[in-house]
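Below you'll find the structure, written out as structure tokens, and then a few comments.
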Amino acid sequence: MSLIMVVLAITLILSIILVIVSFWLPQMTPDAEKLSPYECGFDPRGSARMPFSLRFFLVAILFLLFDLEIALLLPLPWAYQLDNPVMTVVWAGAVLALLTLGLVYEWLQGGLEWAE
């Protein structure tokens with residue numbers, strides 16, 4: 001057998017074993033809490049007009065912003081294989097500088113302070 005066939009067979013057997021075991025391991029005892037819909041920490045049967053804290057929203061936006069930064073900078077190590085890797089490093093540095101300035105601005109404005 002070729003190496004590819006051996007790897008495919010091991011992968012298939014391991015996947016089947018994991019699927020079978022995953023049906024036996026979890027405890028199937030649902031209660032009222034697990035069966036109720038989850039609405040971002042709000043009671044789904046309560047009023048829809050509850051005030052929403054903007055601090056949670058700000059933290060979520062900042063998380064998405066810096067998560068996007070990581071996604072943009074992940075291909076950077078492969079950029080050294082390009083014809084002109086210096087420009088890639090310059091653009092990556094510009095993105096980092098801009099995001100760092102935004103973080104410093106939020107910090108100075110008090111947007112990162114959780115308690116007042």
Side-chain angles (χ1 to χ4, degrees):
M1 255 209 254
S2 68
L3 181 62
I4 293 176
M5 292 303 290
V6 171
V7 169
L8 287 176
I10 291 173
T11 304
L12 183 67
I13 292 170
L14 185 62
S15 298
I16 290 172
I17 289 172
L18 288 175
V19 167
I20 291 171
V21 168
S22 71
F23 283 110
W24 288 328
L25 285 182
Q27 297 176 358
M28 298 294 184
T29 55
D31 56 353
E33 283 292 320
K34 288 184 180 179
L35 293 176
S36 69
Y38 180 72
E39 298 290 336
C40 302
F42 294 109
D43 183 19
R45 294 174 195 87
S47 173
R49 304 280 184 212
M50 291 178 58
F52 182 72
S53 174
L54 288 179
R55 297 247 183 232
F56 290 109
F57 180 73
L58 176 65
V59 169
I61 293 297
L62 286 174
F63 173 77
L64 288 176
L65 178 70
F66 288 104
D67 193 40
L68 178 65
E69 169 198 352
I70 291 171
L72 289 174
L73 294 177
L74 277 177
L76 189 60
W78 289 278
Y80 286 110
Q81 298 174 1
L82 298 175
D83 293 333
N84 191 3
V86 175
M87 280 306 293
T88 305
V89 173
V90 168
W91 281 107
V95 168
L96 278 175
L98 183 65
L99 288 172
T100 303
L101 287 174
L103 178 64
V104 168
Y105 176 76
E106 284 292 327
W107 197 336
L108 292 177
Q109 292 296 320
L112 300 177
E113 294 174 11
W114 193 257
E116 294 181 24

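Count residues from 1 along the sequence. Below, each value reflects all heavy atoms present in this structure, side chains not excepted, and no hydrogens, waters or symmetry copies.
- Cluster membership check: W107 shares its hydrophobic cluster with L99, using side-chain heavy-atom separations under 4.5 Å among Ile, Leu, Val, Met, Phe, Trp and Tyr.
- Separating the CG atom in L96 from the CG atom in L103 is a distance of 11.5 Å, to the nearest 0.5 Å.
- Residues V7 and T11 are in side-chain contact: their nearest non-hydrogen atoms beyond the backbone lie under 4.5 Å apart.
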Any chance you could lay out the side chain to side chain contact (heavy atoms under 4.5 Å, CB included) test for I20 and W24, step after step, and finish with the verdict? CA-CA 7 Å; I20 291 171; W24 288 328; 3.5 Å; yes

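- The number of heavy-atom neighbours closer than 6.0 Å to CD1 of I4, taken from other residues, nucleotides and ligands shown, is 12 or below.
- Both V21 and I13 sit in one connected hydrophobic cluster of ILVMFWY residues. Membership requires side-chain heavy atoms under 4.5 Å apart, directly or through other members.
- Separation of atoms CG (L3) and CG (L8) is listed at 9.5 Å; rounding is to 0.5 Å.
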